[in-house]
Number of protein chains: 2
Amino acid sequence: MPAVSDCTNMLDSETKAVETPEDHAEELRLWLRLLTCTTLIEGEVRGRLRQRFDVTLPRFDLMAQLDKAPDGMTLSDVSKRMMVSNGNVTGLVERLVESGHLDRRTSETDRRVQVIRLTKLGRAEFRRMAAEHETWIADLFADLTPKDVRELMRLLAKTKGSAQKSAARRRP
Amino acid sequence: MPAVSDCTNMLDSETKAVETPEDHAEELRLWLRLLTCTTLIEGEVRGRLRQRFDVTLPRFDLMAQLDKAPDGMTLSDVSKRMMVSNGNVTGLVERLVESGHLDRRTSETDRRVQVIRLTKLGRAEFRRMAAEHETWIADLFADLTPKDVRELMRLLAKTKGSAQKSAARRRP
DNA sequence: CCGAATTGTTTTAAGCCTAAAATGTTTTCC
DNA sequence: GGAAAACATTTTAGGCTTAAAACAATTCGG
């Protein structure tokens, strides 16, 4: 094919994009690697929590949210923070109330709202688990230098922003 | 306290580590951010797969593994690659065989082993989904420059190695 | 003030996931 | 050859998770 024709095609970037779809293999590999890292670490933490404290990761995560909120949280708050569905939280809270780790009461001012808090037992157990949990995380990331950590934090913040924008584009 | 005493204490790094536990807040925040990113993207992909193709993410992931293995894989292979339990794969495969996407047969040479493959239908559907999936991922990571992507790949590779070493230390 | 939209939670139905025990098969090694 | 170890898969029991529908309470607008 003559050079002139090639040149014409190259200038029509609109058409070119349609005809030769872009290659996103790098982003795909990045996503898979991100997923692998998370799955690996999550599985490790899950196993250690079960072995050492006979507790599940979701229960631990929920208690972690409540530990940061001494005045309690509503179920919706928890659901948003943990990025899980409402119904999921309902069941999780049910079991933790049952085991005496959580206290649930209906709000005085808005009878739709359930406010949950850690009980004394719940807080004590969480603190004990959290201290050990922190050392596990440190160990899992042990090979990273402080600079690596900072750089990862920065890039993941950028990734989070990018993903949030993309999600918002689809669901405005 | 006199300077001399301070100096003595500082030199005894063994003792110091025990008396003042190290601060791993940065690693903890890094882990939470990593988890947030993954959860965010995973949720987005899950939702799009359901809306566009009425398929679940685990099914898609399983088909993705098989697409890379034209000669099929054993259930154990799949289980290791996907980093999920054996029993999980059994159920997943059951449903995909039922829906006509997978073909399962007992190995001729080893009657313990089940070999699974994509059917023609399964492969066609997967390819269709995968093409679109790739554009979603590209969009979710759109704000990252090629340099960002390379740097993240490098740091996540290091993270993966670190976590694997840590896991191996616990379970040799 | 009252109907309609909104908000917070629970329920439902289905599927995903795990750890551990059970089952069936092959290999190892005396 | 045969017991024992190793391996691949399935089963079991329990918990997690989601989307969507249902329910309950509050707020908003006319």
Side-chain angles (χ1 to χ4, degrees), chain A residues 35 38-40 42-63 72-99 101-102 104-116 171, chain B residues 35 38-40 42-63 72-99 101-102 104-116 171:
Chain A
L35 193 54
T38 302
T39 305
L40 188 59
E42 195 172 324
E44 199 58 27
V45 171
R46 186 192 308 281
R48 297 190 198 202
L49 281 175
R50 186 180 45 73
Q51 284 198 348
R52 286 280 297 131
F53 302 112
D54 193 33
V55 75
T56 66
L57 184 52
R59 277 155 144 103
F60 178 81
D61 285 344
L62 175 42
M63 289 198 269
M73 296 174 82
T74 70
L75 296 199
S76 290
D77 287 346
V78 173
S79 162
K80 276 177 210 123
R81 287 292 196 88
M82 294 181 71
M83 300 198 284
V84 300
S85 68
N86 285 345
N88 190 350
V89 174
T90 297
L92 220 38
V93 166
E94 220 160 57
R95 289 182 285 270
L96 279 167
V97 168
E98 169 69 24
S99 64
H101 294 84
L102 258 57
R104 169 175 42 182
R105 63 185 59 170
T106 303
S107 161
E108 308 259 330
T109 58
D110 184 340
R111 289 207 311 260
R112 288 171 303 184
V113 174
Q114 302 284 320
V115 177
I116 55 175
R171 221 179 325 84
Chain B
L35 192 54
T38 301
T39 305
L40 187 59
E42 194 172 326
E44 199 57 27
V45 170
R46 185 190 308 280
R48 297 191 198 201
L49 280 174
R50 186 181 44 74
Q51 284 199 347
R52 285 281 296 134
F53 302 112
D54 194 32
V55 75
T56 67
L57 184 52
R59 278 156 145 101
F60 178 81
D61 285 344
L62 175 42
M63 288 198 267
M73 299 174 79
T74 69
L75 296 199
S76 290
D77 287 345
V78 172
S79 162
K80 275 176 211 121
R81 287 294 195 87
M82 293 182 72
M83 301 198 282
V84 299
S85 67
N86 284 345
N88 190 353
V89 174
T90 297
L92 220 38
V93 166
E94 220 160 59
R95 287 182 287 270
L96 279 167
V97 167
E98 168 70 23
S99 64
H101 293 85
L102 258 58
R104 167 176 42 182
R105 62 188 59 170
T106 303
S107 162
E108 310 259 330
T109 59
D110 186 340
R111 288 208 312 258
R112 289 171 300 182
V113 174
Q114 302 284 320
V115 177
I116 55 176
R171 223 180 321 87

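Chain identifiers are assigned alphabetically (A, B, ...) following the order of the sequence lines, protein sequences preceding nucleic acid strands; residue numbering begins at 1 within each chain. Only a predicted model underlies this, so the values are computations on that prediction, with no experimental measurement involved.
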Given [N], is OP1 or OP2 found less than 4.0 Å from the side-chain N or O atoms of [X]?
X        : N      : result
B:Arg59  : C:dC16 : yes
B:Thr56  : C:dC16 : yes
A:Thr90  : C:dT11 : no
A:Arg95  : D:dC16 : yes
A:Arg50  : D:dC16 : no
B:Arg111 : C:dT27 : no

N/O donor-acceptor pair under 3.5 Å between A:Thr74 side chain and A:Val115 backbone: no

Between [options], which one does the side chain of [X] approach most closely?
X        : options                : answer
A:Asn88  : D:dT11, D:dT18, C:dT11 : D:dT18
A:Val113 : C:dT18, C:dG8, D:dT17  : C:dG8
B:Gln114 : D:dT9, C:dT9, C:dT11   : D:dT9

Taking [atom1] from [X] and [atom2] from [N], how many angstroms apart are they, rounded to a whole number?
X        : N      : atom1 : atom2 : value
A:Glu42  : C:dT18 : CD    : C1'   : 12 Å
B:Glu98  : C:dA14 : CD    : P     : 14 Å
A:Arg105 : C:dG8  : CZ    : C1'   : 18 Å
A:Phe60  : C:dT18 : CZ    : P     : 19 Å
B:Asp54  : D:dA19 : CG    : P     : 13 Å
B:Glu108 : D:dA8  : CD    : P     : 18 Å
A:Ile116 : C:dT10 : CD1   : C1'   : 14 Å
A:Glu94  : C:dT9  : CD    : P     : 14 Å

Check against side-chain contact (heavy atoms from CB on, under 4.5 Å), A:Met73 and A:Arg81: CA-CA 10 Å; A:Met73 296 174 82; A:Arg81 287 292 196 88; 3.8 Å; yes

5' precedence on DNA chain D between B:Val89 and A:Gly91 (nearest-nucleotide basis):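 Residue closer to the 5' terminus by nearest nucleotide: B:Val89.
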
B:Ser76 vs A:Met82, nearer the 5' end of DNA chain D by closest nucleotide: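 Between the two, 5'-proximity favours B:Ser76.
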
Sugar-phosphate only, base, or nothing, as touched by B:Asn86 at under 4.0 Å among non-hydrogen atoms: base

Sugar-phosphate, base or nothing in reach of A:Thr74, heavy atoms under 4.0 Å: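 Contact class for A:Thr74: sugar-phosphate only.
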
Distance-only donor-acceptor test, B:Arg112 side-chain atoms vs D:dT9 base atoms, 3.5 Å: no

Intermediate values then yes/no, side-chain contact (heavy atoms from CB on, under 4.5 Å), A:Arg50 and A:Arg46: CA-CA 6 Å; A:Arg50 186 180 45 73; A:Arg46 186 192 308 281; 5.9 Å; no

Just wondering, do [Y] and [X] contact through their side chains at under 4.5 Å, heavy atoms?
X       : Y       : result
B:Leu35 : A:Thr38 : yes
B:Met82 : B:Asn88 : no
A:Arg48 : A:Glu44 : yes

